[in-house]
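To start, the structure itself, in structure tokens.
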Amino acid sequence: MQKVEQCRSNCRGDAGASCRGTNIYPDSRQISSNDVVDVKIVYQSKRLIILLKKFCSNPTAKLNITNIQRRNKLKKTIRYPIPRLLIFLFLALPIQALFAEEIVNQEPGIAQEITAIIAAKQHPYLMLSNFPNRTEDLESLYRLSNHQLLWLGNADAEKNITEALNLLANAAIDGLNPKNYDAEALRQKSQAALKLKPDSYKELALYDTALSISLLRFLHDLNYGRVNPQGINFNLKLREKKLIDLPLLIKNSLTQNTLPQLPLSVEPKLKQYQKLKQALASYRELAVKAPSFKMEIKETLRPGGSHPQIPELRRFLTIIGDLPEDNTVIDPEKSSLYTDAIATGVKKYQKRHGITADGDIGKGSVAALNVPLGYRVTQIELAMERLRWLPELNVGTSIIVNIPAFQLWAFEAIDQKDANIINMRVVVGKALKTQTPVLMAEMHFIDFMPYWNVPYSIIKNEILPKLIQNNNYLDKENMEMVSVFRDGEKPTVLNQEAMNLLKEGKLRVRQRPGKKNALGKVKFIFPNKDDVYLHDTPANALFSKSRRDFSHGCVRVADPQKLAEFALKNQDSWNAETIQLAMNTPKMQRVILKKPIPVLFFYTTAFFDQYDNLEFYPDIYGHDAVLLEALSKPDDLSDQSLFISTNSTQEAPIKIIK
């Protein structure tokens, strides 16, 4: 009679009773008659597992499979009891180890070795040896092949391995690091692995699983990114569910001989991403071929002036595509004149780098010109990484603010060619004190002639000191104290008691609608935990500046009427005239949108504008540095941080109060 496996030392039974390495035998003298299971000796562990599952769901019940015996019409039956302790042994085992078909019915060999590697969640061939966050995918992948070899031991082994290794080695094409996928180490081991004998089970399994883990890591990083955005304060929405089955993709690509096309199946489909991918290849080439350039000036250089580095500047602008070749210039390498033609190229460069495009070369322009092209490559890579974090975006109307660009784009269709796009300048939060957060939300309503409900931080730090010096400050600024923010609330009279309540945060301040209102004539509201929004402003002069981080965190828009027309385009009774009227009526009016509009406050320092110009922006909040630091410590991203269904910390939906 076959010996039952020695129970694990850590298994637990009823009331904490423990089993310490006891050998369990089917001996009826060791147990009571109540603990009886009729089992068919068919040497198929699957059936035993099914029975044990039923028994585990009701441990006090007996199992009897006489009906199963009759159905299978087997001749030999043996009746023996199994102690309940064995049931708890199975309960104590990990589900994956307990119920995996391959574990309970496998002969010593490849399947056993592969199963052991998966269970260990650690691989000696890999730089990042632990792979707990890819274990589920690895198990799913090998389950598709009955836990047999995927890469070795078949006629196409060398071709498939070479193609897979090429994908890993060329990860840089997608802005990823080939070292994170052990591309070179696996290539060095490949020839020896291909020559292994069929009975070298452990060595075969080690190489096969190492290549599978690396490919899973590469595809997962390419699709979802390498960093959890929530961990670096990018408050993006989680994905609702998995839309890509990576193990099945790999298995099918092997079957259909389409391995080289795997990256195209998982990379982001956004046109912005595809354009950045092309630009990455171009800038990598430029970084290698273009001569180093570092300009030095003592004072602002204007068109018509001279500078000894003009030939270098001309060459640099031509190489990066901002200045066309001009064959009419005689001996350009010797001319130090800063011509209008060169100034045109400088203006294009300035515009693409967030600088006032006036052609004057001052300190800001020199600083941008002197940034190495290798760093521009890094900016593109970081931009591609951030786009991988985005869940599936709405294909219809959307509003996007790129914070370091100080720009807003409103799309009729976010990724549709020739779609109507509205673009305008914005003012964002101050870099050092009140940064505008990265977020995803939905615009639900618009307030015309809004009240400004002043945040307590502004009351404490700005209003109270002025109010203490001047009792008329609130009247001067068209402000009032109220108990709560709501329509029709009567203002509180200013006296010492009210001042004390205001200091304690028990009274609030709001600014009435009007010319002085900090929100201007319209406020676009998309409920979010940071309580920020888009709005008009009376301080229009700030939009003329190239760097526009002046707000307390909300985003001021340069053309609020145009944005209101965009948001209310399909809303009954709303058009340019009615919007203009609402923006000049003294009383506040709230409009509920029939269809919410997705809003994205994003942060990327490399971005293609609507004219297909690649623009680079200063890292005003230092987010690039934070992301680079996170990427310097490679790790497997957990699926639990990506999907709503597996993440219990996802915020509850924000209620919309109409």
Go through the steps for Q230 and L238 under the test side chain to side chain contact (heavy atoms under 4.5 Å, CB included), then give the verdict. CA-CA 9 Å; Q230 306 284 338; L238 300 179; 4.2 Å; yes

Kindly say whether N133 contributes a backbone atom to a donor-acceptor pair with the side chain of S638 at under 3.5 angstrom? no

Does the gap between the ring centers of F524 and Y533 come in under 6.0 Å? no

Run the ring-centre check on Y273 versus W389 and record whether the distance is less than 6.0 Å. no

To the closest 0.5 Å, what do you measure between CH2 (W452) and CG (D447)? 15.5 Å

Any L519 side-chain heavy atom under 4.5 Å of T537 side chain: no

Are F616 and Y283 close enough that their ring centers fall under 6.0 Å? yes

If I take atom CZ from residue F526 and atom CZ from residue F445, how far apart are they, to the nearest 0.5 angstrom? 11.0 Å

Under 4.0 Å between a Lys/Arg side-chain N and an Asp/Glu carboxylate O for D639 and K242? yes

In short, A171 meets F218 closest at the heavy-atom pair CB-CE1, 3.8 Å

Can you list the residues that meet the salt bridge (Lys or Arg N to Asp or Glu O under 4.0 Å) rule with R302, with sequence neighbours excluded? D360

Side chain to side chain contact (heavy atoms under 4.5 Å, CB included) between F601 and N402, intermediate numbers included: CA-CA 6 Å; F601 284 8; N402 187 10; over 6 Å; no

Heavy-atom donor-acceptor pair, K269 side chain to L264 backbone, under 3.5 Å: yes

Where do Q561 and E565 land on the side-chain hydrogen bond (donor to acceptor under 3.5 Å, both in side chains) test, with the steps shown first? CA-CA 6 Å; Q561 176 160 346; E565 291 174 11; 3.2 Å; yes

Between K569 and E412, does at least one N-O distance fall below 4.0 Å, as a salt bridge requires? yes

Shortest non-hydrogen separation from L642 to L637 and the atoms involved: CD2-CD2, 3.7 Å

Under 30°, 30 to 60°, or over 60°: which ring-plane class applies to H623 and Y621, parallel, tilted or perpendicular? perpendicular

Using side-chain hydrogen bond (donor to acceptor under 3.5 Å, both in side chains), reason through T605 and D619 one step at a time and then give a plain yes or no. CA-CA 6 Å; T605 56; D619 183 20; 6.0 Å; no

Side chains of R556 and H535, donor plus acceptor under 3.5 Å: no

Give me the atom names and distance for the closest heavy-atom approach of D536 to G520. OD2-CA, 3.5 Å

Test log, rule ring-ring contact (aromatic ring centres under 6.0 Å, His included), inputs F448 and W574: CA-CA 13 Å; F448 290 106; W574 285 99; 5.4 Å; yes

Can R284 and E381 be said to form a salt bridge (Lys or Arg N to Asp or Glu O under 4.0 Å), step by step? CA-CA 11 Å; R284 276 216 179 96; E381 290 175 339; 2.6 Å; yes

As a quick check of understanding, evaluate salt bridge (Lys or Arg N to Asp or Glu O under 4.0 Å) for K271 and D612, giving each step before the final call. CA-CA 10 Å; K271 289 181 181 177; D612 281 345; over 6 Å; no

Looking at CG of L600 and CD of E442, how far apart are the two atoms once the value is rounded to the nearest 0.5 Å? 12.5 Å

Can you confirm whether K562 is buried at NZ, in the sense that more than 12 heavy atoms of other residues, nucleotides or ligands lie under 6.0 Å from that atom? no

Is it the case that atom CG in D531 sees more than 12 heavy atoms from other parts of the structure closer than 6.0 Å? no

Looking only at heavy atoms, the pair that brings L280 and D174 closest together is CD2-C, 4.3 Å

Does L432, at its CG atom, have more than 12 non-hydrogen atoms belonging to other residues, nucleotides or ligands within less than 6.0 Å? no

Under the criterion ring-ring contact (aromatic ring centres under 6.0 Å, His included), I'd like the reasoning laid out for F643 against Y224: C-alpha separation, chi angles, the key distance, then a yes or no. CA-CA 11 Å; F643 302 103; Y224 301 114; 5.7 Å; yes

Can you name the one residue among K430, E462, K433 that meets side chain to side chain donor-acceptor pair (under 3.5 Å) with H552? E462

Ignoring hydrogens and angles, tell me if any N or O in the side chain of H353 forms a donor-acceptor pair with the backbone of I355 under 3.5 Å. no

I'd like to know if K189 pairs up with E184 as an ion pair, taking the criterion as any Lys NZ or Arg NE/NH1/NH2 lying under 4.0 Å from an Asp or Glu carboxylate oxygen. no

Contact between E629 and I232 at the side-chain level, heavy atoms closer than 4.5 Å - yes or no? no

From CA spacing to verdict: side chain to side chain contact (heavy atoms under 4.5 Å, CB included), L627, V227: CA-CA 8 Å; L627 180 53; V227 172; 4.0 Å; yes

Rounded distance (nearest 0.5 Å) linking atom CZ of R425 with atom CG of L542: 11.5 Å

Looking only at atom types and distance, does a side-chain atom of Q350 sit under 3.5 Å from a main-chain N or O of D358, one as donor and one as acceptor? yes

Do K633 and D635 sit within salt-bridge range, that is, some charged N less than 4.0 Å from a carboxylate O? no

Look at D137 together with R217 and state whether they make a salt bridge at an N to O cut-off of under 4.0 Å. no

Without hydrogens or angle criteria, can the side chains of N223 and E267 be said to hold a donor-acceptor pair below 3.5 Å? no

Atom pair CD1 (I403) and CG (L439), whose distance is rounded to the nearest 0.5 Å: 7.5 Å

Taking NZ, NE, NH1 and NH2 as the nitrogens, is one of them in K159 or E163 under 4.0 Å from a carboxylate oxygen of the other? yes

For the NZ atom on K545, are there more than 12 heavy atoms of other groups (residues, nucleotides or ligands in this structure) within a distance under 6.0 Å? no

Minimal heavy-atom distance between R388 and P268, with the atoms involved, is CG-CG, 3.9 Å

Check whether the ring centres of F607 and W409 lie less than 6.0 Å apart, and answer yes or no. yes

Counting C-beta onward and ignoring hydrogens, is there a side-chain heavy-atom pair between L563 and L534 closer than 4.5 Å? yes

Should we say atom CD of E577 is surrounded by more than 12 heavy atoms from elsewhere, each under 6.0 Å from it? no

Does any part of the side chain of T318, heavy atoms only, come nearer than 4.5 Å to the side chain of E325, both counted from C-beta? yes

Could you tell me whether the side chain of N180 and the main chain of L176 form a donor-acceptor pair under 3.5 Å? no

Would you mind reporting whether T258 and Q261 have side-chain heavy atoms less than 4.5 Å apart? yes

Looking only at heavy atoms, which two atoms of V522 and P560 are closest? And how far apart? CG1-CB, 3.3 Å

For K594 and N570: C-alpha separation, side-chain torsions, deciding distance, then whether side chain to side chain contact (heavy atoms under 4.5 Å, CB included) applies. CA-CA 9 Å; K594 285 185 175 179; N570 299 315; over 6 Å; no

Which of these passes salt bridge (Lys or Arg N to Asp or Glu O under 4.0 Å) with E615: R352, K351, R376? K351

L128 CG to Y181 OH distance, which is reported to the nearest 0.5 Å: 11.0 Å

